[in-house]
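The structure appears right after this line, and notes come after that.
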Amino acid sequence: MNDLIYKAETTHALNIDELTALLDASEYDEALFAAADRVRKKYVGDAVHLRGLIEFSNICRCFCMYCGLRCENKNAERYRLTEDEIVETARKAAEAGYRTIVLQSGEDAWFSAERMSSVIRRVKAFDVAVTLSVGERPFEDYKAFKNAGADRYLLRIETSDKALYESVHPHMSFENRVRCLKDLKTLGYEVGTGCLVGLPHQTSRHLAKDILFFKEIEADMIGIGPYIPHPQTPLRNEKGGDLIQAVKVMALTRLLLPTINIPATTAMETLAPNGQAKALQSGANVIMPNVTDPSVRKKYEIYPGKTPANLAEDARKETIGKILSRGRTIGTGFGGRIKAHSG
Ligand code: 5AD
């Protein structure tokens, strides 16, 4: 196993059997995390980039079996911020020092290409990078968002196994999800994708395939989180994902894609109070603090326990404290994917 970790660290290539073997072993986890930490330092440095996340609508047309925002969850209290509210939230975040604003929502058709483009143009005026995370759209919409100034797009594949994908996404197609990722690449976005760890019937081989999928699609960013069961979903009684397994998938992703951006995800922190710190020491170089107004934040309940009790500013200070205390720095630029050393 140590030979495999050495091979991953030096060649950035492993096959599906090798990845599966590492995911199945547990005695080598600390060696794996240390290797991912060295590769992170060598290729993307010590800076941790902060992204201000605005959750602007929880209205969603999808049926994702694991997600608390699924349209069939009648207990979810729905909200949609106005265009002015979104722009005002972004302005405050930019003033507070965020150089990237992430605009995330459920798949809410009210935000037509035209309305979304107007929001993007106004947020771009604050001299920030704009990342969108609004789900599957036709090519023409992605093109309109790009023309309005959007820089990056997040759309997790969730799982790269077609059968598993379709078992948890009724009324959706795996092919269309992949089509979206390819369209975004074609249009010149920096593309972020990623997966859930611990879905029902998901195996370590599925996860190994996900990592190879990230490489194949030439992702610029990868977000990985443990699946956390939500009581108002059909999968409420499932076991859910394990923090260490999620960090392992993330560490292996760092080893195979050394120059990409990788967030320490909120779902990791939800499972353990040191979850994000562990991720930052195992390959991650991005954190996405929530800057949404606290009055609606509780309603964006993708999974339970997601909302931190503290306010945006306190969360930011606390996060920065944790980063600096670990000998890391805060990124001062846009923090896009670095172009050199592409591995
Ligand atoms: N647990 C963890 N992550 C979830 N997501 C959705 N539902 C859950 C859940 N129950 C993730 C999906 C989606 C992202 C915005 O949130 O991966 O892409």
Side-chain angles (χ1 to χ4, degrees), residues 51 53-73 75-76 102-108 131-137 152-161 164-165 167-170 172 174 176-178 180-181 184 191-200 202 206-207 210 213-214 217 219 221-243 245-247 249-250 253 262-272 275-276 279 286-290 292 297 299-308:
R51 324 292 198 195
L53 173 66
I54 305 177
E55 297 164 333
F56 66 89
S57 166
N58 69 353
I59 296 172
C60 192
R61 66 181 177 91
C62 297
F63 294 79
C64 308
M65 301 283 275
Y66 46 78
C67 181
L69 303 188
R70 68 198 307 275
C71 64
E72 289 181 314
N73 179 8
N75 289 311
V102 182
L103 300 173
Q104 186 175 85
S105 69
E107 295 211 5
D108 181 355
T131 303
L132 299 180
S133 178
V134 300
E136 296 183 19
R137 296 278 185 136
R152 310 181 188 138
Y153 204 101
L154 306 178
L155 183 74
R156 288 186 180 172
I157 191 73
E158 315 294 359
T159 170
S160 64
D161 185 81
L164 184 60
Y165 182 91
S167 76
V168 289
H169 300 104
M172 286 171 85
F174 181 72
N176 195 52
R177 196 110 180 140
V178 175
C180 288
L181 290 171
L184 292 162
V191 176
T193 185
C195 65
L196 286 165
V197 175
L199 286 170
Q202 189 181 40
H206 286 136
L207 294 167
D210 291 345
F213 174 86
F214 303 154
I217 203 104
M221 308 175 274
I222 292 295
I224 289 157
Y227 156 58
I228 302 171
H230 188 294
Q232 251 87 51
T233 62
L235 302 180
R236 64 180 69 86
N237 294 324
E238 295 295 333
K239 187 163 151 284
D242 170 76
L243 174 65
Q245 192 68 349
V247 176
V249 176
M250 190 202 77
T253 300
I262 301 184
T265 57
T266 310
M268 290 179 174
E269 190 76 3
T270 302
L271 286 192
Q276 280 182 320
V286 169
I287 291 195
M288 300 167 60
N290 195 333
T292 315
R297 214 185 294 172
K299 297 179 191 161
Y300 203 86
E301 196 190 55
I302 296 176
Y303 49 83
K306 174 179 159 290
T307 316

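Counting starts at 1 for both ligands and their atoms, following the listed order.
When non-hydrogen atoms are compared, ligand 1 lies under 4.0 Å from the backbone of Pro226 (N, CA, C, O) but not from its side chain. At a heavy-atom distance under 4.0 Å, atoms from both the backbone and the side chain of Ile302 approach ligand 1. Contacts of Ala267 with ligand 1, taken as heavy-atom pairs under 4.0 Å, are absent altogether.
Of the N or O atoms in Glu158, one or more lie within a sub-3.5 Å distance of an N or O in ligand 1. Of the N or O atoms in Arg156, one or more lie within a sub-3.5 Å distance of an N or O in ligand 1. Some N or O of Ile228 is nearer than 3.5 Å to an N or O of ligand 1, by distance alone. For ligand 1, the polar-atom distance check finds no N/O of Gln104 at less than 3.5 Å from any of the ligand's N/O atoms.
Taking 4.0 Å as the cut-off between side-chain N and carboxylate O, Lys306 and Glu301 do not count as a salt-bridged pair.
Donor-acceptor pairing under 3.5 Å is recorded for the side chains of Thr292 and Asn290.
If you number the atoms of ligand 1 from 1 as listed, the ones under 4.0 Å from a heavy atom of Leu196 come out as 2 (C), 3 (N), 4 (C), 17 (O). Set against the non-hydrogen atoms of Tyr303, the atoms of ligand 1 under 4.0 Å away are 1 (N), 2 (C), 3 (N), 4 (C), 8 (C), 9 (C), 10 (N). Short contacts between ligand 1 and Tyr227, defined as distances under 4.0 Å to a heavy atom of the residue, involve ligand atoms 1 (N), 2 (C), 9 (C), 10 (N). Within ligand 1, counting atoms from 1 as listed, the ones closer than 4.0 Å to a heavy atom of Cys67 are 7 (N).
Contact check for Ile157 versus Phe214: side-chain heavy atoms found under the 4.5 Å cut-off. Residues Asp210 and Gln202 form a side-chain contact, since some pair of their non-hydrogen atoms from C-beta on lies under 4.5 Å apart.
What you find for Gly305 and Thr270 is that their closest heavy atoms are O-CG2, 3.5 Å. Heavy atoms only, all atoms of each residue included: Phe63 and Arg70 are closest at O-NH2, 2.8 Å.
Relative ring orientation between Phe213 and Phe174 is described as tilted, the plane-to-plane angle lying within the 30° to 60° band.
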Next item on the list: Walk me through it: do Met268 and Leu243 pass the test side chain to side chain contact (heavy atoms under 4.5 Å, CB included)?
Entry: CA-CA 6 Å; Met268 290 179 174; Leu243 174 65; 3.7 Å; yes
